[in-house]
Every structure is written in C-alpha cells, then in structure tokens.
K.L.:
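Mind having a look at this structure? Questions to follow.
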Amino acid sequence: MAKLVINETKKLGTIAPEIYGHFSEHLGRCIYEGLYVGEDSDIPNVNGMRTDVVEALKEIKVPVLRWPGGCFADEYHWRDGIGEKSSRKKMINTHWGGVTEDNSFGTHEFMELCRQLGCKTYVNGNLGSGTVQEMSEWVEYMTFDGLSPLAELRKKNGSEKPWKLDYFGVGNENWGCGGNMTPEYYGNEYRRYQTYVRQYNKDHQVKKVCCGANSEDYFWTEDVLKTCFEHVNPDQHGFMDYLSLHYYTMPLGWEPKVSATEFDEDLWYKTLWAAHHVEELIYRHGAIMDQYDPGKKIGMSIDEWGTWYLVEPGTNPGFLYQQNTMRDALVAGISLNIFNKHCDRVKIACIAQMVNVLQSVILTEGEKMVKTPTWYVFKMFRDHQGAELLESSISGSGMTGVQDDRMVPEITESVSEKDGVITITLNNLSMTEDKELSVQFAQDKKYEVVEANILKSTAPQDFNDFDAPDKVRAEEYKSYKADGRGFKLTLPKASVVELRVR
Ligand code: AHR
C-alpha cells in the first residue's frame, strides 16, 4: 500500500496566498458578460459587477486578480478606459476575435471589482505599444495622493483617494504578442520602463513583475536576467520583485488540438503529464534565477497557467471558451500541489482565466452561472493560502499512464498547517483504479478529522452545464479510518481529496 509520511514538526516556508490567484483579460466573455454586466443590466449586479459571480468567487477566497491582459495589455491604452462611459473611445480587440471594445470596463471598474472580491490588485502595463510616459502616468493616476494633474483627473472621475496597487506587470509576453522582442532588447526596455514606475505611497510599495519566459524558454530567463542585472545589484530593493512564467497545459504540444470534453485514457494521461511538467519548469527556471538571486528575493509569478483546448463547437474561435471536466480538476489539483511544494520560489500564480475563457472556475450564459470542477478544487485547497508548508513524501506508489515517456505519479500531495489545523490535499491520477493510502504523522498524537471533502464523478468526462449545473460537485469524504499514527484512506480513481485534521 502507498504511504504518505508527514513530518508536522518540519515547516518549509509560507505558501503565499497569491499562488491561488486569477487572471482576467478583455477576451471573449471574461470581462463583459462574465464579470461585468453594467449597472443597467437585468442581471443582479453591484456597480455593474455580477452578484452571482462575485459571491461564487468570494467563496474560493480570490487573493489577487491580474488585469487587463494578456496580449490585450500590450495594446491597451488606459486613458481610453476612464471618464464618462458614453464618451470612452472604442477600439478593435485585434487579438481576440476582432470585436469592438467599448472600454466601459476600465481602471475604476477593475478597482471596484477587486474591492468587492476583497483581493489584491495586479495591473499589467503596456510596454509593447505604449510609452514610458503612459505607463508612468497610469501608476501616478492610480496611486498618487498629492496634488498633480493625474491625481486631479482621478478625483474628477470619482475616486478621491488613490487605490492600493499591489503588483504591476511591465509588459506581457514581450517575446511574442507583446512586441516580439529579443530577451536582451526586452531586458533593456524593462530597465527603462520600470524606472518610471514610481513609488508614491511610502507605506505600500508597488511590486514590479518582469516578463519571464514561455514554457521551456530557458534562454529567455537567462538573457533577461543577465541584461537586467548588468551593473545592477540584484538586492536593490524594488528593481524587480517577480519574474513571470507562462505555461499552458496542452496535451499534444504547443497548440490547442483536442476537445475539452471528449478524451480517452491516452489523452487523459497526456494532459496530466503536461500539467505535471510544470514542476520541471519550476526547477529549471528556478535554477537560473538562483544564479542571479541566490537569496530567492525575486518571486516566480506563474501568472498564466491552465488547460488550453479547442473551443466549444459553435463558439467564436477568438473567444477561447471551453468546458471543464474532472480532467481539469486533476490538472488544477496537480498544479496547485506543485506550487505549494515550491513556495520558496513560486510566490504568485494566476489561473487563466477567471470566467468563460480557457480553464475557468466559472462559466456563464445570460443570467445563468455554473461552478466548474476547477472551482471546487480551488475551494478545497483554499486553506493552504498563507499556511506553512509541511514536509511530506509518498512512498510505495508507482507511476501510471499508457505511454512510457508520459507516465505520471499515481498520487500527488501537499500538506500545510495553519492555526493548528493540517490541510492535506491529494490527487489520484489513475483514470481506472482506486488507491489505498496510509497517511502517517511523525508525532505520536491522536489527530481528528475536522473536515473532509472529495471531488469525483461517474465519468471523468463529466462537466457542469447550464442544464445540469451540479453534475460534478464536491461532497463529504468518508472513506478513511484511524490507523496507527494517522489514517488509512481509499482514494477513488480520478479524484481530488481534501482532509483537514487537528
Ligand atoms: O490567456 C490567453 C492568452 O495566452 C494571453 O492573452 C496571452 O498572454 C497568452 O498567450
């Protein structure tokens, strides 16, 4: 039988709550319809934000929200999204379906959404097609509390006080949609642009995110860091607080080629293998970061991650709308356990995207809303936020899969402790076999289960739709019994389990 050993006396570091972050872009029906319906909508809303969606998001405790993109960020001009809505400039969303963007959701609306969610703000600036002045003035507009033309403009537009800007991205995917730059060129641009991202609030510094690599592009990481830190002391506070990494789970390589809901065993394992691969990326990009930043002061911000499949049949290909099954739940469970276990370096992670785009936690259709299997995983994992990672390891369990070079561990786990309660999250990656697991603690103490939940479904292809919104939902987990210094568990095939003990 497989065994999970937990050393609850060994704390390995704090799991940044922001590892459970989200990403929202002006893409398809993420912002418009998904999050924002406008004050005059028949759909219940508060200041234009959908009440049902905001309530569902509050349940999973969203710690941080990234906006406005994505590729959209590098052609977004923030001044178009402020002031009287009827006179806001319209633009073409060239990246995403060529639709008209009316800019009715702009800076004030984003800050209002974050206020309602109670989350931190992560704004991504435009380096690809914007100017240093434009970026600098946006930060001044958002954060300056004194007398300046931009602070006056913000007040005129209804916000007397500046907002708390927590994170600011200096460009997005500048190796691709953000300007097709070389790492050296971007590194120099980063140096210049970030200089003018000023700190106006001495009690609340804006943390700067440098654009990192796509997937396995280790050359980008190496060259950007080399360029950025030439004649700059990496310890210089505030020069670079985070380096991003974008990684999408695509079962058949870098292109969305497969359906979100129709898959066989082969595709199940290929997908889970691709999700698990993020651990190798963290090790390898992390090793390069270690050379420049051995003290790990620069956080890795995996601010775009999740599955990317073919769009749902009949939907606009530019809107990236996809369904979400137990396979996605496993991808989320695998990824979040890995991020937890690398909390010494991974400090932010934002799933792409929050609503109606790629691996969403929420889907909407008109006034209807469903919580996806991925939503349930975020709910079951939420107590890891801000907790102390505990040492843990699994033995006696093997690898599973159907293709030799795409095998995945049968079970993955992470364990943390907060306020005296230990949270254990487990994934059984096998599509066909239930697994027995003995969970053993280091201390000779009687632990009691205070909460236990499981997410599973009759078929791994099951999903929640507007006519059957509760087909996949978490339920109380009961398949455990006391055993030695811990418990003996049965983990059903293709399931995610949360066990909380005191
Ligand atoms: O999330 C969709 C897109 O994926 C983002 O706009 C871009 O940053 C990435 O390539």
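Note that these values count all heavy atoms, side chains included, but never hydrogens, waters or copies made by symmetry. Both ligands and their constituent atoms are indexed starting at 1 by order of listing. Just so it is clear, the structure is predicted and the values come from calculations on it, not from any experiment.
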K.L.:
With the criterion set at N/O pairs under 3.5 Å, what does the list of contacts between the protein and ligand 1 look like, atom names and distances included?
P.N.:
from: ligand 1; atom 1: 1 (O); to: Tyr248; atom 2: OH; distance (Å): 2.7
from: ligand 1; atom 1: 1 (O); to: Gln353; atom 2: NE2; distance (Å): 3.0
from: ligand 1; atom 1: 4 (O); to: Tyr248; atom 2: OH; distance (Å): 3.4
from: ligand 1; atom 1: 4 (O); to: Glu304; atom 2: OE1; distance (Å): 3.3
from: ligand 1; atom 1: 6 (O); to: Glu25; atom 2: OE1; distance (Å): 2.7
from: ligand 1; atom 1: 6 (O); to: Glu25; atom 2: OE2; distance (Å): 3.1
from: ligand 1; atom 1: 6 (O); to: Cys71; atom 2: N; distance (Å): 2.9
from: ligand 1; atom 1: 8 (O); to: Asn172; atom 2: ND2; distance (Å): 3.2
from: ligand 1; atom 1: 8 (O); to: Glu173; atom 2: OE1; distance (Å): 3.4
from: ligand 1; atom 1: 8 (O); to: Glu173; atom 2: OE2; distance (Å): 3.2
from: ligand 1; atom 1: 8 (O); to: Glu304; atom 2: OE1; distance (Å): 3.0
from: ligand 1; atom 1: 8 (O); to: Glu304; atom 2: OE2; distance (Å): 2.8
from: ligand 1; atom 1: 10 (O); to: Glu173; atom 2: OE1; distance (Å): 2.7
from: ligand 1; atom 1: 10 (O); to: Glu173; atom 2: OE2; distance (Å): 3.2

K.L.:
Under 2.5 Å between the SG atoms: is that true for Cys71 and Cys177?
P.N.:
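Yes; the two sulfurs sit under 2.5 Å apart.
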
K.L.:
Tell me whether Glu413 is salt-bridged to Lys341, with the criterion being a basic N under 4.0 Å from an acidic carboxylate O.
P.N.:
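Yes, charged N to carboxylate O under 4.0 Å.
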
K.L.:
Does any non-hydrogen side-chain atom of Phe110 lie less than 4.5 Å from one of Val123?
P.N.:
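A side-chain contact under 4.5 Å exists here.
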
K.L.:
Could you check if a side-chain atom of Met407 sits within less than 4.5 angstrom of a side-chain atom of Tyr269, using non-hydrogen atoms only?
P.N.:
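Met407 vs Tyr269: side chains apart.
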
K.L.:
Parallel under 30°, tilted from 30 to 60°, perpendicular over 60°: which one fits the rings of Trp220 and Trp175?
P.N.:
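Judged by the thresholds at 30° and 60°, the geometry between Trp220 and Trp175 is perpendicular.
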
K.L.:
Just checking, Arg29 and Tyr321: is the charged tip under 6.0 Å from the six-membered ring centre and within 45° of the axis?
P.N.:
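Arg29 over Tyr321 ring: yes.
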
